[in-house]
Engineer: 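Sharing a structure below in structure tokens format, with a few things to ask.
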Amino acid sequence: MEDHSFYKGGDTTEEWIKVQESLKQKLVLEDCFAWTISSPDASSVENATEHNLKFIGGVDVSFLKDDPSMACAALVIVDAKTLDVVHEEFDLVRLQIPYFPGFLAFREAPILLDLLDKMKQSAHPFYPQILMVDGNGLLHPRGFGLACHLGVLVDLPTIGVGKNLHHVDGLTQSGVKKFLEAKENCDKDLICLVGRSGQVWGAAMRSIHCSTKPIYVSTGHRISLDSSIKVVKMCCRFRVPEPIRQADIRSRVFIQKLKGPSPMHK
DNA sequence: GCGACAG
DNA sequence: ATCTTGTCGC
Ligand SMILES: [Mg+2]
């Protein structure tokens with residue numbers, strides 16, 4: 001038995017905050033990409049130029065129940081038009097750092113970076129034009145969640161998608177829920193997340209019609225909130241956008257295969 | 001001191 | 001995040 005304990009002292013916290021503030025200097029919160037978001041309009045001729053958004057990446061990490069330090073990271077590439085998975089990349093690793101709210105990137109970013117690097121080094125033709133991340137971007141205590149962190153490190157446009165709200169600036173999940181349940185808002189599928197300070201942190205989105213539980217979209221890197229919302233919308237077959245959903249599903253399947261294949265179905 | 005706390 | 005089968009409903 002090895003010792004996987006990890007102690008995060010005040011020094012570590014201070015250090016990590018400095019890293020976040022430092023990397024945040026490079027953060028770009030507006031559209032900074034060459035391609036355009038193809039219209040969902042079917043009337044357009046197949047002008048699949050390279051100037052259109054074609055390949056969307058999704059990343060997620062799954063863990064072993066017994067040993068939460070063992071993880072499978074997945075990078076999935078999806079065709080922007082069909083949402084079909086055209087490529088997948090996995091890594092099984094032992095994570096050195098446990099999860100601390102507000103510091104998810106220090107746990108997950110390194111392995112996700114490796115996956116992106118694998119594709120980049122091999123000059124893979126499906127290397128993503130944008131990355132969707134399971135975790136917040138700007139919607140973060142210091143405005144620099146995993147999606148921002150990863151985006152800056154790989155220098156790709158990124159979008160943060162959370163399945164739960166990380167309470168920030170007076171925003172709460174119950175507050176959002178009440179707002180969505182209000183009769184005058186029953187037709188709204190998008191609400192802007194404005195904190196008590198007046199800052200816009202992202203948006204709560206009903207990705208599925210009539211859905212009670214929204215997803216939380218926030219800017220990662222090199223993209224505006226408006227564009228982020230457009231991309232997320234075109235990826236939502238179900239509540240969780242397809243690139244992230246597939247990365248989630250496939251990384252979990254990968255881990256279950258390790259625990260012993262059970263094809264014994266007489 | 002207490003509660004909150006992405007994945 | 002993970003432990004988990006069936007079940008109810010569109
Ligand atoms: Mg996940």
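Throughout, protein chains are lettered first and strands after them, A, B, ... in sequence-line order, and every chain is numbered starting at 1.
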Engineer: Tell me: NE2 of A:His209 to P of C:dG9, nearest whole Å?
Structural biologist: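 A:His209 atom NE2 is separated from C:dG9 atom P by 23 Å.
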Engineer: Consider only side-chain N and O atoms of A:His166 and A:His140, and report whether a donor and an acceptor are under 3.5 Å apart.
Structural biologist: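 Absent: no donor and acceptor within the cut-off.
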Engineer: Contact class for A:Gly160 (heavy atom, under 4.0 Å): base, sugar-phosphate, or nothing?
Structural biologist: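 Result for A:Gly160 = nothing.
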Engineer: Dot-bracket, DNA chain C: Watson-Crick or G-U, under 3.5 angstrom, [ ] crossing, | other strand?
Structural biologist: ..........
Engineer: What nucleic acid atoms does A:Leu146 come within less than 4.0 Å of, heavy atoms only: base, sugar-phosphate, or nothing?
Structural biologist: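 Base: the residue A:Leu146, judged by heavy atoms under 4.0 Å, touches a nucleobase.
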Engineer: Can you check the A:Met70 CE to C:dA1 P distance for me, whole Å?
Structural biologist: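 So the CE-P distance, A:Met70 to C:dA1, works out to 18 Å.
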Engineer: Just call it for A:Phe103: base, sugar-phosphate, or nothing, with non-hydrogen atoms closer than 4.0 Å on any strand.
Structural biologist: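 Base, at least one base heavy atom under 4.0 Å.
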Engineer: Take the protein atom CD of A:Gln96 and the nucleotide atom C1' of B:dG7, then report the distance between them rounded to whole Å.
Structural biologist: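 Answer to the nearest Å: 18 Å.
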Engineer: In whole angstrom, what separates A:Leu64's CG from B:dG7's P?
Structural biologist: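 My rounded result for the distance is 19 Å.
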Engineer: Give one of base, sugar-phosphate or nothing for A:Asp66, where a contact means two heavy atoms less than 4.0 Å apart.
Structural biologist: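 Nothing: the residue A:Asp66, judged by heavy atoms under 4.0 Å, touches no strand.
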Engineer: Between the side chains of A:Asn164 and A:Gln173, does any donor sit under 3.5 Å from an acceptor?
Structural biologist: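 Yes - a donor-acceptor pair under 3.5 Å links their side chains.
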Engineer: Looking only at side-chain N and O atoms, does A:His167 come under 4.0 Å of OP1 or OP2 in B:dC5?
Structural biologist: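 For A:His167, the contact criterion (side-chain N or O under 4.0 Å from OP1 or OP2 of B:dC5) is met.
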Engineer: A:Arg245 CZ to B:dG7 P: how many Å, rounded?
Structural biologist: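 Taking CZ of A:Arg245 and P of B:dG7, I get 17 Å after rounding.
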Engineer: Using a 6.0 Å cut-off, check whether atom NZ of A:Lys177 has over 12 heavy atoms from anything other than its own residue.
Structural biologist: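 At most 12 heavy atoms, drawn from other residues, nucleotides or ligands, come within 6.0 Å of this atom.
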Engineer: Between the side chains of A:Arg252 and A:Ser62, is a donor N or O closer than 3.5 angstrom to an acceptor N or O?
Structural biologist: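 A:Arg252 vs A:Ser62: no donor-acceptor pair found between side chains.
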Engineer: With the side chain of A:Lys65 defined as its heavy atoms from C-beta on, choose the nearest nucleotide among B:dA6, C:dC3, B:dG7.
Structural biologist: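 Of B:dA6, C:dC3, B:dG7, C:dC3 is nearest to the side chain of A:Lys65.
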Engineer: A side-chain contact here means heavy atoms from C-beta on lying under 4.5 Å apart; do A:Phe100 and A:Arg107 qualify?
Structural biologist: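 A:Phe100 does not reach A:Arg107 side chain to side chain.
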Engineer: By the 4.0 Å heavy-atom rule, please label A:Gly145 as base, sugar-phosphate, or nothing.
Structural biologist: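 The residue A:Gly145 makes base contact.
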Engineer: For A:Phe63, answer base if it contacts any base atom (sugar-phosphate contacts may also be present), sugar-phosphate if it contacts only those atoms, and nothing otherwise; contact means non-hydrogen atoms under 4.0 Å.
Structural biologist: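 Since only primed, P, OP1 and OP2 atoms lie under 4.0 Å of A:Phe63, the category is sugar-phosphate.
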Engineer: Rounded to the nearest 0.5 Å, how far does CG of A:Leu156 lie from NE2 of A:His221?
Structural biologist: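 Reported value, rounded in 0.5 Å steps: 8.5 Å.
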Engineer: Tell me: NE2 of A:His149 to C1' of B:dG7, nearest whole Å?
Structural biologist: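 To the nearest whole Å, that distance equals 15 Å.
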Engineer: With a cut-off of less than 4.0 Å, is there a side-chain N or O of A:Tyr216 near OP1 or OP2 of B:dA6?
Structural biologist: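 No, A:Tyr216 has no side-chain N/O under 4.0 Å of OP1/OP2 on B:dA6.
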Engineer: In the structure I gave you, are the side-chain heavy atoms of A:Thr13 and A:Lys8 within less than 4.5 Å of one another anywhere?
Structural biologist: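 Yes, their side chains come closer than 4.5 Å.
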Engineer: Between A:Arg252 and C:dT2, is there a contact of a side-chain N or O with OP1 or OP2 at under 4.0 Å?
Structural biologist: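 It does, given that an N or O in the side chain of A:Arg252 lies less than 4.0 Å from OP1 or OP2 of C:dT2.
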Engineer: Across the strands shown, which category fits A:Asn136 at heavy-atom distances under 4.0 angstrom: base, sugar-phosphate, nothing?
Structural biologist: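 Here A:Asn136 touches the bases of the nucleic acid.
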Engineer: Specify the separation, in whole Å, of atom CZ of A:Phe100 and atom P of B:dA6.
Structural biologist: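 Result: 14 Å.
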Engineer: Given atom NZ of A:Lys8 and atom P of B:dC5, what is their separation to the nearest angstrom?
Structural biologist: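 Interatomic distance, NZ of A:Lys8 to P of B:dC5: 16 Å.
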Engineer: Does atom CD (A:Glu30) have a neighbourhood of more than 12 heavy atoms from anything else shown, all under 6.0 Å?
Structural biologist: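 12 or below, so no.
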Engineer: A:Ser62 near the nucleic acid: base, sugar-phosphate alone, or nothing, with a heavy-atom cut-off under 4.0 Å?
Structural biologist: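 It contacts sugar-phosphate atoms only.
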